[in-house]
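Here is the structure we will look at, set down as structure tokens.
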Amino acid sequence: MARRANPEYKPLLYTTTMRNPGRLKFMLYVLNKFEGQILNDELATKICGETIRYGLYRPMKKLLSVQEKWASTSNGEFSEYMLNDEEVKLMLRNNPQHHGEAGFSYGWPSRFATIYDLTKELGLAYYWPGEPIVISSLAHHLLKSFDIEIEPESGFVTTEISHPEYEQQVFLQAMAKSQRRNPFVRVLNDNIPLILLLETIQKINADPRFNGCGMSRRELPLLIFWKDNNSEALYQRIVELRQEHGYDPSDEVICDICIDEIMEGSFKEFNSKSIMNDYPDEFIRKMRMTGLLSLRGAGRFIDINKNEIEKVEYILSHYSHYHHFDDERSYFNYMAELDANLIKITSRQPSSIASEKLLDNWLSIYNWNIIKKELTNLATKKNSTDNVLKLLAAPTRLEFLTALAIRCRMPEVRVVPNYSCDDEGLPTSTAGGNKGDIECYERQNGVLVEVTMALGRTQTMMEVWPIERHLTDFQKQQKSQCIFVAPSIYADSISQIDYITFKSRGEKKIRSYDIEHLLIFLENSPSLFEYTVASLFDSPRLVLRANELMKENKGIDIMTLSRKLQEDFGQEYGSMSARQWYVVTREYVARQTMRYDIQDNEPVMWMAAEDTPLDRI
């Protein structure tokens, strides 16, 4: 049923129309359980209760037990533990909804309509009182982007984003079709924003007078306010703007064009900060979810991602000309149809060598102080104000900044991130669940770096066991260790990591760092790979040299032997402190002499094999 209202021209504000589409897949997980059931007030309220059960929707008034279960995760994400039936019942009763939506009963049924409103507009799910709930093939593809497991007894929930590319495929198709003037919204603007953006950028880049890097961020408000799909007229207006004001027009110039010229003075909610900053930022965030756009000039320009030219050409040839729909159900059916041909088009990802070079290019923009500040912001849950980094979701930003931090402090280390990225090397999504996050190579050794924003028990269950699997695969290529990074390290994660080390007899070495201590490590360590020995017996070369020094000096004390071993092998085992050298030396001498009361400065001798096998040296 179409909404009844007097439509008008409005700027495109995604914070209102598409608040957080990245969390829709979790909401759909709940709704999918009720596919085919006839929607009524009781079912709508029950579904709202299920979103509360999983922590996806969190009303204001919370029971103490509920607060504890929701403490380690954010609104819109699965909570660490599901609520039980009694908690769900009390949460619904204690939080009556003073809310009404056309066609739905007042209260929780109307809240249900609001929670799932965007799923209808994007072609993911359709519902209406008295009709069966429909989950589209497009939504089922989105649901395959993550895996979820729930412990039956405790209700503990673990999720893993196993196929981030599926989510990108779904939003690419949705944005390629999404019409501003559709039966779900009250606007007269008649265009597909993504199509209008791509066509306008193509025209700008084809103009030899310009630098070929796309549309300026400061020009985006014109597109956001634009009334029709005439990309030629928009391109010509941008040309005129550049001729008069260059690439950096004032806020007043842009606002005057949007308000007085495009809107003809009819837009009353005037706020220059929103027009120049908030609207463009949200627009870029949503457009980059498609994977088709790159940021150039440190975020000053938005351009077509050259790695996705085939998808761009397909979209423009198939969706530039579109049919208008008068009713919601017809529009939903159009949006819901899965375009298998579009999904089959693969992205062209840069080689490992190209990824390294792209990463180095960003180091000309972000120095160590900036990287350190931005990682600290992630650790303390502070928002970034950087024009580029603030557009990246926190998990993606952590992967990107960690790769930059390692490369910045240790330029001799090869750093190869596995996240999907645009042609500028800026990530478009996190690394998939079937491989490690960042692969590093130092000398002949490898270091697999795994990062997460997860906290609490979720961190242990979601991250530690997959890390062991990734490290096992990585070790097939070369001798390797793993570094695990999170805002804070949960105690159970440390225990599980210790168990993995014990179970593998030291072959799987995982070093955990919270963000603060990772920064300290990178500032002070000479190497990324931890070159240490737990005992001199781990290295036949160290044993041979210790025996030689003892014989040459006809007896040697622990302190002298420790110092000389560090002098001879300190560069090879660069991660070991003087204290660590002392500990392993004392342990060796004590075992060789069978004396555990030796003074540090007491010269001693021991029996040593005269013929250490050459194959052990």
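Annotation for Asn524: atom CG counts as buried by contact number, over 12 foreign heavy atoms lying within 6.0 Å. Heavy-atom contacts from other residues, nucleotides or ligands closer than 6.0 Å to CD of Glu412 number 12 or fewer. By the 6.0 Å contact criterion, NZ on Lys382 is open, its count of non-hydrogen atoms from other residues, nucleotides or ligands being 12 or less.
Contact record, Leu196 with Asp228: CD2-O, 3.9 Å, taken as the closest heavy-atom pair. Pairing each heavy atom of Pro193 with each of Leu223, the nearest pair is O-CD2, 4.4 Å. Here the closest non-hydrogen pair linking Pro487 and Leu455 is CB-CD2, 4.2 Å. Counting all heavy atoms, side chain and backbone alike, Gly214 lies closest to Asn205 at N-OD1, 2.9 Å. The heavy-atom pair separating Ile370 from Tyr366 by the smallest distance is CG2-CD2, 3.6 Å. Heavy-atom minimum distance, Ile192 versus Ser178: CG2-O, 3.4 Å.
The side chain to side chain contact (heavy atoms under 4.5 Å, CB included) test with Phe484 singles out one residue from Val449, Ile489, Asp437, and that residue is Ile489.
There is a side-chain donor-acceptor pair under 3.5 Å between Asp514 and His517. Gln168 and Ser429 share no side-chain donor-acceptor pair at under 3.5 Å. Side-chain N/O atoms of Ser347 and Lys311 include a donor and acceptor closer than 3.5 Å. A side-chain donor from one of Thr532 and Lys509 sits under 3.5 Å from a side-chain acceptor of the other.
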Practice task
Please report the C-alpha distance between Tyr166 and Phe146 in whole Å, then the side-chain angles of each, then the deciding distance to 0.1 Å, and finally whether the ring pair (Phe, Tyr, Trp, His ring centres under 6.0 Å) criterion is met.
Solution key: CA-CA 9 Å; Tyr166 291 174; Phe146 70 98; over 10 Å; no
Exercise for the section: Test side chain to side chain donor-acceptor pair (under 3.5 Å) on Ser384 and Asn377 and set out the steps. Expected result: CA-CA 7 Å; Ser384 173; Asn377 284 342; 5.3 Å; no
Exercise for the section: Apply side chain to side chain contact (heavy atoms under 4.5 Å, CB included) to Ile345 and Tyr314, showing your working. Expected result: CA-CA 9 Å; Ile345 301 175; Tyr314 179 91; 3.8 Å; yes
Practice task
Could you go through the salt bridge (Lys or Arg N to Asp or Glu O under 4.0 Å) check for Glu523 and Arg409 one step at a time?
Solution key: CA-CA 7 Å; Glu523 286 183 321; Arg409 297 301 300 183; 5.4 Å; no
Exercise for the section: Take Tyr9 and Phe267, measure what ring pair (Phe, Tyr, Trp, His ring centres under 6.0 Å) needs, and give me the verdict at the end. Expected result: CA-CA 8 Å; Tyr9 289 105; Phe267 184 59; over 10 Å; no
Handout entry: From CA spacing to verdict: side chain to side chain contact (heavy atoms under 4.5 Å, CB included), Asn418, Ile438
Key = CA-CA 6 Å; Asn418 282 324; Ile438 306 166; over 6 Å; no
Practice task
Please assess Arg217 against Asp281 for the test side chain to side chain contact (heavy atoms under 4.5 Å, CB included), listing each intermediate value before the final yes or no.
Solution key: CA-CA 9 Å; Arg217 179 192 290 258; Asp281 284 352; 2.7 Å; yes
Problem - Residues Tyr441, Gln477; criterion side chain to side chain contact (heavy atoms under 4.5 Å, CB included); working and verdict - result: CA-CA 11 Å; Tyr441 303 91; Gln477 305 172 34; 3.8 Å; yes
Handout entry: salt bridge (Lys or Arg N to Asp or Glu O under 4.0 Å) assessment of Asp360 paired with Lys357
Key = CA-CA 5 Å; Asp360 285 345; Lys357 291 181 179 178; over 6 Å; no
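Counting only heavy atoms from C-beta outward, the side chains of Lys227 and Asp190 never approach each other to under 4.5 Å. A 4.5 Å side-chain heavy-atom check between Met175 and Met287 finds at least one atom pair inside the cut-off. Within the 4.5 Å cutoff, side-chain heavy atoms of Tyr235 are placed close to those of Val239. In this structure, Gln481 and Leu448 have side chains that are not in contact, with every pair of non-hydrogen atoms separated by 4.5 Å or more. Taking 4.5 Å as the limit, some side-chain heavy atom of Ser577 sits within range of a side-chain heavy atom of Gln580. A 4.5 Å side-chain heavy-atom check between Cys421 and Leu426 finds every atom pair outside the cut-off. At least one side-chain heavy atom of Leu363 sits under 4.5 Å from a side-chain heavy atom of Arg407. Looking only at side-chain heavy atoms (C-beta outward), Ile275 and Phe225 come within less than 4.5 Å of each other.
A donor-acceptor pair under 3.5 Å is absent between the side-chain atoms of Arg288 and the main chain of Leu391, judged by distance alone. Judged by distance alone, the side chain of Asp423 and the main-chain N or O of Asn307 form no donor-acceptor pair under 3.5 Å. Checked by atom type and distance alone, the side chain of Asn305 pairs as donor or acceptor with a backbone atom of Gly291 at under 3.5 Å. Within the 3.5 Å criterion, the main-chain N or O of Thr396 finds no donor-acceptor partner in the side chain of Glu399. Glu442 places a side-chain N or O within donor-acceptor distance of the main-chain N or O of Leu528, the cut-off being under 3.5 Å. Side-chain atoms of Thr376 come within 3.5 Å of backbone N or O of Lys372 as a donor-acceptor pair. Counting only distance, with no hydrogens or angles, the side chain of Gln173 and the backbone of Asp339 share a donor-acceptor pair below 3.5 Å. Here the side chain of Glu167 pairs no donor or acceptor atom with the backbone of Pro164 at under 3.5 angstrom. Between the side chain of Gln444 and the backbone N or O of Gln478 there is no donor-acceptor pair closer than 3.5 Å. In this structure, Gln475 contributes its side chain and Thr472 its backbone to no donor-acceptor pair below 3.5 Å.
Within the model, atoms CE of Met215 and CD1 of Ile304 stand 10.0 Å from one another, a figure rounded to the nearest 0.5 Å. From Asn445, atom CG reaches atom OG of Ser480 across 7.5 Å, with rounding to the nearest 0.5 Å. If you take CG on Leu124 and CG on Leu118, they are separated by 7.5 Å, rounding to the nearest 0.5 Å. Put simply, CD1 on Ile500 and NZ on Lys508 are 8.5 Å apart, with the number rounded to the nearest 0.5 Å. One distance of note links CD1 of Ile467 with OG1 of Thr452; it measures 8.0 Å at 0.5 Å rounding. In this structure, CG on Leu293 lies 7.0 Å from CG on Leu194, to the nearest 0.5 angstrom.
At a threshold of 4.0 Å, the pair Lys203-Glu232 counts as salt-bridged, since one of the basic side-chain nitrogens sits closer than that to a carboxylate oxygen. Using a 4.0 Å cut-off between a side-chain N of Lys or Arg and a carboxylate O of Asp or Glu, Arg414 and Glu439 do not qualify as a salt bridge. Salt bridge present: Lys286 and Glu282 bring a charged side-chain N and a carboxylate O closer than 4.0 Å. Between Asp248 and Arg218 a salt bridge is recorded (basic side-chain N to carboxylate O distance below 4.0 Å).
Cation-pi contact between Arg443 and Tyr531: present, with separation from the ring centre below 6.0 Å and deviation from the ring axis of at most 45°. For the pair Arg242 and Phe210, the cation sits on the ring face: its NZ or CZ lies under 6.0 Å from the ring centre, inside 45° of the axis. Relative to the six-membered ring of Tyr319, Lys177 misses at least one condition, a distance below 6.0 Å or an angle of at most 45° to the axis.
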